[in-house]
Amino acid sequence: MSFKSLLTDPSNQLLSWKDVNCCNWKGIKCSSEGRVVVVNLRNVNPDEVIINSNKEVVSSSNNISDFALKGTISPLLFTLDDLQYLDLSFNNFMYSKLPVEISNLTKLTYLNLSNAMFQDTITTQFSNLTSLRYLDLSCAYLVPDLSSITVSLTLPPKLDFGSFVSFISYGYLSSPNLRWLEGLRCLRYLVLTGVDLSKASESFHWAKPISSLSNLMSLQLSSCNISGRIPIEQLLNLTSLSTLDMRSNVLASTIPDMISNLTTLSVVNFRGNNLDGHIPYLPQLKRLSVSSNPAMTIDLVSMFSAPWPKLAFLDISFTRVGGLIPPSLSNSTLLSFFRADGCSIQGSIPSSITKLQKLSILMLNNNDITGQLPVSMSSLVSLQYLSLFQNSLQGYIPNSICQVPSLEYLNLQWNDLTGRLPSCILQLPKLSFLYVQMNNLNGNMPLSLLQKSRLDQISFGVSGLSVELDDQDQSFVQTFQPTILEFTSCNMRGEIPEFFSNLTSLKILILANNSLSGAIPYWLFNLPSLSVLDLSMNNFKGVIPPMIQMKSSRFPTLVNLARNKLEGPIPTQLENVNVIDLSFNNFVGSIPTQIGEIHGIRSISLSGNKIHGPIPESFCQATNVLQVLDLSNNSLSGTIQRNLGNCKSLIYLDLGQNKLIGSVPKELERVTSLRYLDLNGNEFEGSFPTVIEKFQGLEILNLAGNRFEGRIPKFIGELHSLRILMLASNSFNESIPEGVMKLENLQYIGLSRNNLSGPIPENLDGLKMMMKTQNQTIILGYFYSLKFTGAQLEIITKGQRHFLVSVYSYNSGFDVSSNALTGKIPEKIGLLSGIPFLNLSHNNLTGVIPTTIGEMISLESLDLSYNQLTGEIPVTLAPLDFLAYLNLSYNNLSGRIPRNPHFDTLYQDGTAYIGNKYLCGTPDGMNCSNNGPSIITETTENGYDQENVLFVLVIFSGFVTGVAGVFLLLHLIDENWRNRYWSAVDRIVLKIVNCKL
């Protein structure tokens with residue numbers, strides 16, 4: 001009763017603790033002599049949690065009640081000296097210390113204090129419990145982790161979702177060594193998951209005390225911060241050991257071959273370490289997991305050249321496999337689970353895999369698998385879960401897959417499958433999950449046919465399938481209650497079907513990029529389970545209701561109505577809406593004050609509407625979690641509100657293309673998490689905003705098209721994450737800071753149309769990103785709650801202005817045009833071999849064009865016009881095969897234009913060279929002889945040659961005749977006249993010479 005008095009009991013677990021006979025109380029058992037031998041107060045309903053996309057630990061269960069006992073433990077509990085079984089797991093003892101009195105319970109055989117919110121250092125508290133057979137002191141357990149798919153600047157077109165699990169802590173225990181285990185010789189099960197053993201593992205023989213536990217059958221040391229080698233040589237005495245779990249540590253070694261000496265070992269888990277090397281031959285194993293060890297090399301052909309007769313579970317995901325899946329894999333006839341995601345596996349799936357009749361789960365996602373699906377899928381009689389997304393599978397989906405009645409989950413997305421989707425798949429009795437998006441399928445899929453299935457989650461987006469809205473008048477099939485419908489780009493036409501109003505279990509509805517029209521029905525915003533609604537890129541018209549209500553879920557809730565023809569005011573009441581995108585519609589009026597006060601709002605996108613007025617002061621309340629704010633391309637006026645500095649979670653801020661004035665408030669410096677800042681196309685003024693120095697994670701900065709002035713500060717060179725720097729069309733002056741050229745991640749420099757002076761910095765070898773040719777197509781932006789918010793950029797290339805709605809890693813360039821830069825073009829400009837365009841035009845650059853520009857092999861556009869460049873055009877420019885735009889006009893270039901089959905096709909009319917009067921072959925330049933290259937064609941040159949010869953002969957004859965006449969006349973006249981003539985000639989020559997000097 002003393003124990004009860006110190007606890008709160010929200011679930012009434014101790015309600016029966018009233019009368020004097022404690023043996024009848026819940027959780028208590030007594031011996032025949034009436035002595036208490038069992039106290040089992042385990043929380044049977046621990047809160048199911050996840051790590052959400054904001055890295056917050058949140059509940060994922062529907063029942064949010066707290067069932068845990070909460071408080072501290074009375075020491076009187078440990079006077080029950082006959083106690084043999086004690087379980088207090090998954091309760092909340094408020095970070096109290098481990099009770100030292102527990103050492104009195106010397107008859108304990110079972111002790112479970114796991115995940116009970118203790119905080120202490122383990123020393124001798126358990127040394128006296130020599131009868132223990134089971135000890136669980138875990139203070140962490142595995143939960144789904146969604147944070148890895150939230151925010152990243154570079155997003156590949158194929159998402160790698162990994163395995164998304166993490167350990168979270170429920171208390172904190174540590175142990176500087178394991179000597180306290182030496183007396184527990186009866187121990188069979190030892191679970192120390194989450195106990196910090198980092199200090200202990202610094203010793204080479206840290207695991208030696210475990211070797212004294214000769215009866216140990218299960219050793220679980222996951223997530224213990226253990227570093228160094230796997231201490232197998234210290235565990236060889238454990239002749240009964242069957243389970244060894246050391247996942248999620250920082251082990252860095254190979255798996256020792258001597259592990260094979262542990263002949264009783266049947267379960268090995270080394271997942272999530274830094275292991276390398278290979279997998280030793282362990283024929284006794286039943287379960288093996290080495291996933292998420294990216295340095296480990298696994299040769300499946302070699303591995304399965306010998307039999308693994310007992311192997312039932314194999315997970316090698318995210319290791320180095322490469323090569324093929326060998327047909328010999330089928331010799332492991334007991335294999336029921338095989339996962340090899342992200343292993344770069346090549347070749348086709350061997351047909352022999354269909355011999356694995358016990359195989360229930362097959363996951364080969366994110367590989368390079370080609371060929372077709374095995375034709376004889378029907379042989380996989382136990383298959384329940386088949387996931388092959390992000391591969392290069394081709395051909396048809398075989399009809400034999402319809403003969404696998406046990407199939408529950410089928411994921412074939414992100415492949416190159418063709419043909420029709422077999423309609424018989426929809427008749428599989430247990431199939432609940434069907435994903436075929438991102439393929440090249442064809443044919444129609446009537447919605448009425450889907451209604452007859454038992455599918456729970458359907459995803460056909462960008463698969464090539466057309467979802468047909470047929471028989472809308474037929475009665476609704478009550479058994480059709482999916483939770484996910486994803487039909488992006490499925491050629492859907494007409495209005496949203498009325499029967500959708502009956503889908504009471506629907507959580508996610510995505511109908512983006514179709515041709516749906518009409519008004520959005522109001523009932524759609526009030527479906528009882530709906531948490532994600534994406535109707536973007538359709539032809540919806542009309543107004544939307546003032547109130548939108550979503551159902552909260554483990555994912556951030558989403559309403560995406562972007563790129564339609566919606567109008568009217570912006571809704572004022574948003575309940576349980578975390579992400580809202582109303583961009584590129586025809587919404588009018590001002591931004592409602594209420595939208596900034598919505599609890600839990602994380603992303604607001606109102607870009608491209610007809611909104612006016614100021615930014616509301618209600619944005620960024622003290623408890624806000626706003627991460628994305630896009631108000632660009634409207635007619636907003638006024639200044640940036642100081643309260644935006646309260647948005648300390650803000651990652652993406654776009655206020656571009658409005659009518660905002662003033663300066664950037666100093667309070668914004670508190671938003672240190674900012675990665676994307678776009679203020680372009682406004683009327684901001686003053687010097688460069690100093691608050692930007694605080695944004696050390698900034699990746700994209702766009703201040704173009706404002707009235708900023710003064711020098712560009714040196715601290716810009718300290719923003720080491722910067723990828724895009726756009727400061728064009730302002731009044732910045734002085735020189736370009738040297739530090740800008742040391743930003744290794746910078747892929748675009750836009751400083752054009754300013755008043756910058758001085759030379760271009762010489763040392764360009766710090767621009768590492770611009771030196772690399774981008775082989776991967778990576779889009780820049782942020783993925784959040786099934787929605788991508790991408791970077792945008794306006795550039796001038798190939799002589800034309802382009803607005804990039806999406807910015808990729810290959811959109812790289814160097815533009816400092818229209819300034820007052822002087823000096824020479826740096827020789828090191830040739831190091832920037834990865835950029836497709838270079839614009840140095842409209843400056844005062846002098847000297848010659850560096851020959852190193854010929855090393856810029858990715859160059860597509862080169863503009864050096866309107867400078868004072870001299871010398872010849874380097875012949876190294878001619879082999880630039882990708883060069884499509886060239887402008888060298890209005891310089892002082894001379895000599896001949898290089899020739900090359902590709903180079904000759906650039907501006908045969910000579911407009912690329914106009915304004916260079918000493919350049920041969922240009923419309924206003926010098927003519928070239930036929931003794932060297934020229935832009936004049938050979939045929940024309942031959943025609944001109946004959947006329948030139950005749951012209952020279954006539955001129956020469958006239959010259960000889962004239963000179964001879966003068967000399968004859970001088971010979972005939974008086975000597976005094978001759979002397980006067982030559983004196984006059986001397987004076988004229990002297991004046992000419994002096995003038996030249």
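Just so you know, residue 1 is the first one in the sequence shown, and it goes up from there. Just the heavy atoms: all of them, side chains too, but no hydrogens, waters or symmetry mates, feed the values below.
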J.: Can you name the side-chain contact (heavy atoms from CB on, under 4.5 Å) partners of Gln234, sequence neighbours left out?
T.: His205, Ala207, Lys208, Pro231

J.: Do Ile73 and Phe93 touch side chain to side chain, with heavy atoms closer than 4.5 Å?
T.: yes

J.: Any non-hydrogen side-chain atom of Tyr385 less than 4.5 Å from a side-chain atom of Met363?
T.: yes

J.: Hey, is the main chain of Asn366 close enough, under 3.5 Å, to the side chain of Asp341 for a donor-acceptor pair?
T.: no

J.: Okay, side chain of Gln125, backbone of Thr123: is any donor-acceptor separation there less than 3.5 Å?
T.: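 Flag set: sc Gln125 to bb Thr123 pair under 3.5 Å.
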
J.: I want to check something: taking the side chain as every heavy atom from C-beta on, are Cys343 and Phe318 in contact at a cut-off of under 4.5 Å?
T.: no

J.: Does the side chain of Ser387 come within less than 4.5 Å of Tyr409's, by heavy atoms?
T.: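 Contact flag for Tyr409/Ser387 side chains = yes.
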
J.: If I compare all heavy atoms of Gln119 with all of Tyr95, which pair ends up nearest, and what's the gap?
T.: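 Minimum heavy-atom separation between Gln119 and Tyr95: OE1-CD2, 3.1 Å.
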
J.: If you take all heavy atoms of Pro176 and Ile122, which pair is closest and at what distance?
T.: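 In terms of heavy atoms, the two residues are closest at CD-O, 3.7 Å.
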
J.: Is the side chain of Asn40 donor-acceptor paired with the backbone N or O of Arg42 at a distance under 3.5 Å, no angle test?
T.: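 Confirmed, Asn40 side chain pairs with Arg42 backbone.
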
J.: side-chain contact (heavy atoms from CB on, under 4.5 Å) between Thr109 and Leu132: does it pass, once the steps are laid out?
T.: CA-CA 4 Å; Thr109 60; Leu132 272 182; 5.6 Å; no

J.: Side chains of Thr254 and Asp276: is there a donor and an acceptor less than 3.5 Å apart?
T.: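 No donor-acceptor contact under 3.5 Å links the two side chains.
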
J.: Run Thr121 and Ser174 through side-chain contact (heavy atoms from CB on, under 4.5 Å) and show every step you take.
T.: CA-CA 5 Å; Thr121 299; Ser174 64; 3.5 Å; yes

J.: How close do Leu69 and Gln13 get, counting heavy atoms only, and between which atoms?
T.: CG-OE1, 4.1 Å

J.: Counting only pairs under 3.5 Å, give me each side-chain donor-acceptor contact of residues 293-300, with atom names and distances, residues two or more places apart or in other chains.
T.:
residue	atom	partner	partner atom	Å
Asn293	OD1	Asn273	N	3.1
Asn293	OD1	Asn274	N	3.4
Asn293	OD1	Leu275	N	3.0
Asn293	ND2	Phe270	O	3.0
Asn293	ND2	Val290	O	2.9
Asn293	ND2	Ser291	O	3.3
Asp299	OD1	Val301	N	3.1
Asp299	OD1	Ser302	N	3.3

J.: Could you check if a side-chain atom of Leu173 sits within less than 4.5 angstrom of a side-chain atom of Leu98, using non-hydrogen atoms only?
T.: yes

J.: With distance as the sole test, does Asn269 use its side chain to make a donor-acceptor pair with the main-chain N or O of Leu288 at under 3.5 Å?
T.: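 Judged by distance alone, no pair lies under 3.5 Å.
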
J.: Out of curiosity, Arg287 CZ to Phe337 CZ, how far, rounded to the nearest 0.5 Å?
T.: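 Answer rounded to 0.5 Å: 8.0 Å.
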
J.: Any chance you could measure Leu265, atom CG, to Leu244, atom CG, to the nearest 0.5 Å?
T.: 6.0 Å

J.: Taking the side chain from Ser131 and the backbone from Thr106, do they hold a donor-acceptor pair closer than 3.5 Å?
T.: yes

J.: To the nearest 0.5 angstrom, please state how far the OG1 atom of Thr193 sits from the CG atom of Asp245.
T.: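 With rounding to 0.5 Å, OG1 (Thr193) is 6.5 Å from CG (Asp245).
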
J.: I'd like to know if the side chain of Thr264 reaches the main chain of Leu241, judged simply by a donor and an acceptor atom lying under 3.5 Å from each other, with no hydrogens or angles considered.
T.: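 Judged by distance alone, yes, a pair lies under 3.5 Å.
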
J.: Search all heavy atoms of Lys648 against all heavy atoms of Arg670 and return the closest pair with its distance.
T.: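 Of all heavy-atom pairs spanning Lys648 and Arg670, the closest is CG-O, 4.0 Å.
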
J.: Relative to each other, are the rings of Phe126 and Trp180 parallel, tilted or perpendicular (30° and 60° limits)?
T.: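 Correct class here is tilted.
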
J.: Out of curiosity, Ile226 CD1 to Leu221 CG, how far, rounded to the nearest 0.5 Å?
T.: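 Result: 4.5 Å between the selected atoms.
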
J.: Can you tell me how far the CH2 atom of Trp206 sits from the NZ atom of Lys199, to the nearest 0.5 Å?
T.: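 Output value for this atom pair is 15.5 Å.
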
J.: Start with the C-alpha gap between Leu388 and Asn411, add the side-chain angles, then the distance that decides, and say whether side-chain contact (heavy atoms from CB on, under 4.5 Å) holds.
T.: CA-CA 6 Å; Leu388 304 172; Asn411 192 338; over 6 Å; no

J.: Using side-chain contact (heavy atoms from CB on, under 4.5 Å), reason through Asn112 and Leu86 one step at a time and then give a plain yes or no.
T.: CA-CA 6 Å; Asn112 191 342; Leu86 177 61; over 6 Å; no

J.: Counting only heavy atoms not in Lys4, do more than 12 sit closer than 6.0 Å to its NZ atom?
T.: yes

J.: Give a yes or no on whether the backbone of Asn365 and the side-chain of Asn367 come within a donor-acceptor separation of less than 3.5 Å.
T.: yes

J.: Which atom pair, heavy atoms only, marks the closest approach of Ala68 to Asn92?
T.: CB-N, 4.2 Å

J.: Answer yes or no: is there a side-chain heavy-atom contact under 4.5 Å between Leu181 and Leu190?
T.: yes

J.: Could you report the tightest heavy-atom contact between Ser11 and Phe67, atom names first, then the distance?
T.: OG-O, 3.2 Å

J.: What I'd like to find out is whether the side chain of Ile316 reaches to under 4.5 Å of the side chain of Phe338, using heavy atoms alone.
T.: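 A side-chain contact under 4.5 Å exists here.
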
J.: Is it true that a side-chain atom of Asn249 and a backbone atom of Arg247 form a donor plus acceptor pair closer than 3.5 Å?
T.: yes

J.: Output the distance between atom CZ (Arg602) and atom CD1 (Ile651), rounded to the nearest 0.5 Å.
T.: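 That separation rounds to 10.5 Å.
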
J.: Do Pro309 and Pro283 have side-chain heavy atoms sitting under 4.5 Å apart?
T.: yes

J.: Is the backbone N or O of Leu285 less than 3.5 Å from a side-chain atom of Ser266, with the two atoms forming a donor-acceptor pair by type?
T.: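 Checked: no pair found.
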
J.: With sequence neighbours excluded, tell me which residues meet side-chain contact (heavy atoms from CB on, under 4.5 Å) with Ser218.
T.: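 In terms of side-chain contact (heavy atoms from CB on, under 4.5 Å), with neighbours along the sequence ignored, Ser218 is linked to Tyr189, Gln220, Thr243.
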
J.: Does the Asn215 side chain pair with the main chain of Arg185, one donor and one acceptor, at a distance under 3.5 Å?
T.: yes

